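Report on the structure given below.
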Amino acid sequence: MGGGVIDLTLDILSWILLTLGGACVLIGGVGGLRLPNFYTRIHAASLTDTMATILIFAGMMLQSGLTLVTVKLFAIMLFLLFTGPTATYALANAALLSGLKPDAGTLAAKNKESAGE
């Protein structure tokens with residue numbers, strides 16, 4: 001009797017985590033489309049990518065139980081959590097070194113251009 005309640009609770013919790021992770025991915029996609037310039041877009045993508053990774057992998061680990069699959073999922077999650085922000089930093093740094101200004105594409109930059117400054 002107790003096992004069924006625990007299984008149901010784990011299923012509900014894992015689906016909540018998976019749904020929240022999917023929502024983070026959706027919000028990050030909207031942010032990538034709506035934000036004004038390159039730097040704000042990669043910032044939104046990096047933050048939502050990290051949070052979505054944690055939530056989705058935690059949900060999958062709850063679904064898989066205490067198995068070798070959980071250990072593998074945890075290892076993949078750690079790899080993604082280390083490489084995602086590092087790749088975002090490298091991308092932003094390369095853009096900055098290539099001459100892309102952080103305020104390019106913002107309203108303040110457009111106002112400066114139209115004022116002739």
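Keep in mind that this is a model prediction, so the values were computed, not measured. If you read the sequence from its start, that first residue is 1, and numbering goes on from there.
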Donor-acceptor pairs under 3.5 angstrom involving side-chain atoms of residues 86-94: please list them, not counting sequence neighbours.
from: T86; atom 1: OG1; to: F82; atom 2: O; distance (Å): 2.7
from: T88; atom 1: OG1; to: G84; atom 2: O; distance (Å): 3.0

Could you see if [X] belongs to whatever hydrophobic cluster contains [Y]? Use Ile, Leu, Val, Met, Phe, Trp, Tyr and a side-chain cutoff under 4.5 Å.
{"X": "L8", "Y": "I6", "answer": "yes"}
{"X": "M77", "Y": "V71", "answer": "no"}
{"X": "L62", "Y": "L66", "answer": "no"}

Original post:
Can you name the nearest heavy-atom pair linking F38 to A95, along with the distance?
Top reply: CE2-CB, 3.4 Å
Please table the atom pairs, donor to acceptor, closer than 3.5 Å between any side-chain atom in residues 14-25 and protein atoms at least two apart or in another chain.
from: S14; atom 1: OG; to: L10; atom 2: O; distance (Å): 3.1
from: S14; atom 1: OG; to: D11; atom 2: O; distance (Å): 2.9
from: S14; atom 1: OG; to: Q63; atom 2: NE2; distance (Å): 2.5
from: T19; atom 1: OG1; to: W15; atom 2: O; distance (Å): 2.7

**OP:** Mind checking side chain to side chain donor-acceptor pair (under 3.5 Å) for S64 and listing every partner two or more places apart, or none if nothing turns up?
**Re:** T70
Original post:
CG/L73 to CG/L68 distance, rounded to the nearest 0.5 angstrom?
Top reply: 9.5 Å
Original post:
Between the main-chain N or O of D103 and the side-chain N or O of N37, is there a donor-acceptor pair closer than 3.5 Å?
Top reply: no
Pairs under 3.5 angstrom only: tabulate donor-acceptor contacts from the side chains of residues 44-61 to other protein residues two or more places apart or in another chain.
from: T48; atom 1: OG1; to: A44; atom 2: O; distance (Å): 2.9
from: T48; atom 1: OG1; to: A45; atom 2: O; distance (Å): 3.3
from: T50; atom 1: OG1; to: S46; atom 2: O; distance (Å): 2.9
from: T53; atom 1: OG1; to: D49; atom 2: O; distance (Å): 2.7

